[in-house]
Amino acid sequence: MRNVRVRMAPSPTGSPHVGLVRTALYNWAFARHHGGTFVFRIEDTDTARNTEESYTAILELMRWLGLDWDEGPEVGGPHAPYRQSERSDLYAEALDKLRASSYTYDCYCNNDEVDARRKASGSKVMGYDGFCRELTADQVAAFEGQGRKPVVRFRMPDGSVSWDDLVRGEITFETEFVPDYALCRANGEPLYTLVNPVDDALMEITHVLRGEDLLSSTPRQVALYAALIDLGITDFTPQFGHLPYVMGEGNKKLSKRDPEAHALAYRDNGFLPEGLLNYLALLGWAIAADRDVFTLAEMVEKFEIGDVNANPARFDLKKCEAINASHMRLLSVEDITHRALPFLKAAGVVGDPVHDADAQLLELAMPLVAERINKLAEAPDMLGFLFVDEESFSVDPADAEKLLDEAGKGVVKAAHDALVDLHPWSTDAIQTALQAALVDDLGPKPRVAFGPVRGAVSGRRVSPPLFESMELLGRDRSLGRLQRALG
RNA sequence: GCCCCCGUCGUCUAGCGGCCUAGGACGUCGCCCUCUCACGGCGGUAACGCCGGUUCAAAUCCGGUCGGGGGUACCA
């Protein structure tokens, strides 16, 4: 078999979509599994819709995910450049060859004329009717005389076109239902229909793994490939595999309007790239009957395109979070600390750069929270109370109301009294003292007894373990906060 | 309308003729653990769209039907 070469070819329009990530992942995993080449190409021929922001976001996304490409923007390669906007001469050349052949013809029709003819003929096929297929020189002269500029149309062959889809098996289209299509605009600008197959051919792409939405354009490409081969532009047709959609709520494709659709938002919300990727991999593929959590390396080892499911998958944020949480559990405390740092800095929990004292405290505190957060972005809320200045410290108003009523204050007072002369100030000693003072003497259930203390000290109803937290906070600050809660 | 794709628990899936009174995961419900939360443990809930056919035997193969999705551009 020829060396595997696959590509991801996004259009830089809008904010990158999770469906794009899934497609990129499958291509990447396929390439890595087969020891092939992963090409990254930017399809920015539609100048009206492309933006530089989107282009930058896609690169940033790929880098964050760790889906490295062997050829493409910023890394170059033998088929550079990899942005279609910089490859115009290549398309012009291919178009010239096509135009000089009988595979295409110049077409002078406009939409209204085509519509009118269809209405008159009663044809059920919607697209172009082939009117200009056999124009005489006189007819061409007449159109030119009217100042019309032609588009170049590909002449679909008679009969049928079929291919063995890598995920769906044999697919056949009768070409009577696949109208002749334009390869470029009348102003000469090449269209996707030309540019995409030509680049795949030039870049020697062997397997085209793309979204199901391109399924119906595949017969056109297969037919075009025959022409490209005949014209010596390439010498083989790639294999195609059409991946199922990633759906949103209801029965529609996950759209850019859905917040879950935006890939970079997962990074900003504290997801791990390995968590997102693992979840997305599950949308259409399974590593085993009884396993959901795996590493990228394991995926590379096991990924077969033939195992990909053909039916569309609904995106489920809950499961995505659960898979992410599993990956959090796989990380060392040091790793989580390192990765949570940007979130802690952004929230102002620690400074940037981090002071030595904060770094030390973080090292002690992180083990307490690492296993109780499911996303990195949850770290600041859990840790903030340890780092905040006493002047800025405050108890969450809603939690204060629940925890620090009259009874709660009684508990806090008792806790303060029990701890004021405590030595040493250690987790064990604090726990023993509070247990004796609050539970054994006053009698309430532990959860009732420790709640108000937790609120007074951490400022929240939910916090890292109380006694450990108080040890880290130190005697003065702990007692001070208890005192404050009483006032 | 026409063409194409798809159809297993609420969701993602395993299943590729007998191992299936259909397995796992998320969700959900109950219980346990417990200083809160999270983790963890145990148990429950819940699916082969429908109708025919092939076969000793069908979730698995075939046909039809219904349902969902996509395409039908001088968008990609």
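Below, read A as the first sequence line, B as the second, and so on, with proteins coming before strands; counting in each chain starts at 1. Keep in mind the model is a prediction, meaning the values are calculated, not measured.
- The pair Asp307(A)-Lys302(A) does not count as a salt bridge, with every side-chain nitrogen at least 4.0 angstrom from each carboxylate oxygen.
- The CZ-P distance, from Arg22(A) to U13(B), rounds to 9 Å in whole Å.
- Near RNA chain B, meaning a heavy atom under 4.0 Å from it, residues 6-17 of chain A has Ser11(A) in order of number.
- Remark on RNA chain B: of its neighbouring residues Lys319(A) and Gln84(A), the 5'-side contact belongs to Lys319(A), judged by nearest-heavy-atom nucleotide.
- Between the CD1 atom of Ile171(A) and the P atom of C3(B) there is a distance of 16 Å, rounded to whole Å.
- For the C1' atoms, the distance from C9(B) to C48(B) is 10 Å, rounded to whole Å.
- For Phe173(A), the side-chain atoms get nearest to C3(B) when compared with the rest of C35(B), G71(B), C3(B).
- Taking the P atom of each, C31(B) and G53(B) are spaced 50 Å apart, rounded to whole Å.
- We find that CG of Asp199(A) is positioned 13 Å from P of A76(B), with the value rounded to whole Å.
- A donor and an acceptor atom, one from each side chain of Tyr108(A) and Glu144(A), are located under 3.5 Å apart.
- The side chain of Asp292(A) has A25(B) as its nearest neighbour among A25(B), C3(B), C74(B).
- You'll find the ring centres of Phe271(A) and Tyr279(A) outside the 6.0 Å limit.
- Across U36(B), A25(B), G27(B), the shortest atom-to-atom separation from the side chain of Lys318(A) is found for G27(B).
- Between Asp115(A) and Arg118(A) there is a salt bridge, since at least one side-chain N of the basic residue sits less than 4.0 Å from a carboxylate O of the acidic one.
- Closest to the side chain of Met126(A), from the set A38(B), C5(B), G1(B), is G1(B).
- Considering only the side chain of Ala313(A), C12(B) comes nearest among C37(B), C12(B), C4(B).
- Straight-line distance from the CG atom of Asp165(A) to the P atom of G71(B): 17 Å, rounded to whole Å.
- Distance from the side chain of Arg314(A) is smallest for U11(B) among the nucleotides U11(B), U36(B), C2(B).
- Taking only side-chain atoms of Lys124(A), from C-beta outward, the nucleotide of C2(B), C35(B), G69(B) with the closest atom is C2(B).
- Rounded to an integer number of Å, the gap from CZ of Phe294(A) to P of A25(B) is 15 Å.
- The aromatic ring centroids of Phe294(A) and Trp285(A) lie less than 6.0 Å from each other.
- Minimum atom distance to the side chain of Leu283(A) is reached by C12(B), of the listed A73(B), C35(B), C12(B).
- Phe131(A) carries Arg117(A) over the face of its six-membered ring, with the cationic atom under 6.0 Å from the centre and within 45° of the normal.
- To the nearest angstrom, C1' of A25(B) lies 16 Å from CG of Asn324(A).
- As rounded to whole Å, 12 Å separates atom P of G40(B) from atom CG of Leu330(A).
- Set against C35(B), C26(B), C74(B), the side chain of Ala182(A) has C74(B) as its closest nucleotide.
- For Leu191(A), taking side-chain heavy atoms from C-beta onward, the closest of the listed nucleotides A76(B), C37(B), C4(B) is A76(B).
- Whole-Å rounding puts the Ile323(A) CD1 to U13(B) C1' distance at 11 Å.
- The phosphate of G69(B) has neither OP1 nor OP2 within less than 4.0 Å of any side-chain N or O from Asn311(A).
- Judged by distance alone, the side chains of Asp199(A) and Gln84(A) do bring a donor and an acceptor atom under 3.5 Å apart.
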